[in-house]
Amino acid sequence: MTAFGDGSNDIVSLNVGGVVHTTTIGTLRSVPSSMLARMFATDQGMPTARDAEGRVFLDRDGSLFRHVLNYLRDRSVPQLSARGELRAEARYFGLEQLEAALDSRSSADSPVHALVRSSALT
């Protein structure tokens with residue numbers, strides 16, 4: 001088991017599916033109920049795999065993880081076509097609010113919702 005220091009400004013590099021991401025411990029802990037917060041907890045870290053350079057390795061989609069980090073940084077929800085894949089990542093990491101925001105945007109962008117909006121305008 002790996003425990004991490006309590007310095008929220010400590011920098012950590014992650015290898016997520018072969019893509020390297022660098023952030024702070026504080027960012028990873030910004031949603032206390034998330035898996036990432038638990039992984040990088042001060043008192044008890046989860047067992048973590050490491051790559052050859054010593055970076056924490058997460059076997060997830062590295063290109064989508066940047067959106068996870070941006071959400072953790074400023075709660076931004078991206079406008080992208082891969083919402084379903086990002087929703088799966090949010091679910092995996094225990095980011096319920098991001099998952100809900102992606103769900104609400106998906107329903108708002110659905111053809112049925114667009115039809116209801118257009119008929120309300122006429």
Side-chain angles (χ1 to χ4, degrees):
M1 230 192 263
T2 303
F4 292 88
D6 59 358
S8 63
N9 290 324
D10 289 350
I11 296 171
V12 63
S13 288
L14 308 168
N15 175 342
V16 184
V19 179
V20 175
H21 296 274
T22 304
T23 190
T24 64
I25 297 292
T27 295
L28 295 170
R29 292 180 185 159
S30 68
V31 176
S33 63
S34 73
M35 180 176 112
L36 290 166
R38 290 189 307 273
M39 280 181 76
F40 293 91
T42 57
D43 54 349
Q44 55 175 213
M46 294 172 67
T48 53
R50 301 226 175 222
D51 68 10
E53 286 77 34
R55 295 180 289 242
V56 173
F57 178 78
L58 301 174
D59 192 15
R60 302 302 295 177
D61 188 316
S63 62
L64 287 174
F65 191 72
R66 72 185 182 96
H67 299 295
V68 171
L69 283 178
N70 286 335
Y71 174 78
L72 292 173
R73 289 175 179 131
D74 58 20
R75 301 304 186 263
S76 64
V77 179
Q79 295 285 345
L80 70 154
S81 61
R83 268 191 232 104
E85 290 96 347
L86 184 55
R87 190 178 310 107
E89 295 300 299
R91 185 175 308 121
Y92 177 82
F93 288 115
L95 299 169
E96 295 170 1
Q97 289 179 330
L98 175 58
E99 185 178 359
L102 290 164
D103 283 341
S104 68
R105 286 207 176 160
S106 290
S107 64
D109 294 337
S110 73
V112 171
H113 194 274
L115 180 63
V116 170
R117 278 192 316 240
S118 68
S119 62
L121 295 174
T122 58

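Remember, it's a predicted structure, so these values are computed and weren't measured experimentally. Just so you know, residue 1 is the first one in the sequence shown, and it goes up from there.
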Is there a side-chain contact between Val12 and Phe40, using heavy atoms and a 4.5 Å cut-off?
yes
Distance-minimising heavy-atom pair for Ala37 and Pro32:
CB-O, 3.6 Å
For Thr27 and Ser30: C-alpha separation, side-chain torsions, deciding distance, then whether side-chain hydrogen bond (donor to acceptor under 3.5 Å, both in side chains) applies.
CA-CA 5 Å; Thr27 295; Ser30 68; over 6 Å; no
Which atom pair, heavy atoms only, marks the closest approach of Ser34 to Leu28?
OG-O, 4.2 Å
Using a 4.5 Å cut-off on heavy atoms from C-beta on, say whether the side chain of Leu102 contacts that of Glu85.
no
Any side-chain heavy atom of Tyr71 sitting closer than 4.5 Å to one from Leu69?
no
What distance separates Ile25 CD1 from Met39 CE, expressed to the nearest 0.5 Å?
10.0 Å
Val20 versus Arg55, closest heavy-atom pair with distance:
CG2-CZ, 3.6 Å
Separation between CZ (Arg66) and CG (Leu86), nearest 0.5 Å, reads 10.0 Å
Ignoring hydrogens, what is the shortest heavy-atom contact between Ser76 and Asn70? Give both atom names and the distance.
OG-O, 3.7 Å
Give a yes or no answer on whether the side chain of His21 reaches the backbone of Asn15 with a donor-acceptor pair at less than 3.5 Å.
no
What verdict does the side-chain contact (heavy atoms from CB on, under 4.5 Å) test give for Val31 and Arg75, after you've listed the backbone C-alpha separation in whole Å, the side-chain angles of each residue and the deciding distance to 0.1 Å?
CA-CA 10 Å; Val31 176; Arg75 301 304 186 263; 3.5 Å; yes
Is there side-chain contact between Thr22 and Ile11, with heavy atoms separated by less than 4.5 Å?
yes
Is there side-chain contact between Leu72 and Leu36, with at least one heavy-atom pair below 4.5 Å?
yes
Please find the pair of heavy atoms, one from Phe57 and one from Asp51, that lie closest to each other, and give the distance.
CB-N, 4.3 Å
When rounded to the nearest 0.5 Å, the distance separating CZ of Phe93 from CE of Met35 is 5.0 Å
So does Ser33 get a backbone contact from the side chain of Arg38, meaning a donor-acceptor N/O pair under 3.5 Å?
yes
Can a cation-pi geometry be assigned to Arg60 and Tyr92, taking NZ or CZ under 6.0 Å from the six-membered ring centre and within 45° of the ring axis?
yes
Whether Arg91 and Glu99 form a salt bridge (side-chain N of Lys/Arg under 4.0 Å from carboxylate O of Asp/Glu) is what I want to check.
yes
Any side-chain heavy atom of Arg83 within less than 4.5 Å of one from Asp103?
no
For a quick test of reading the model, state the closest non-hydrogen atom pair linking Glu89 to Asp61 and the distance between them.
OE1-N, 3.9 Å
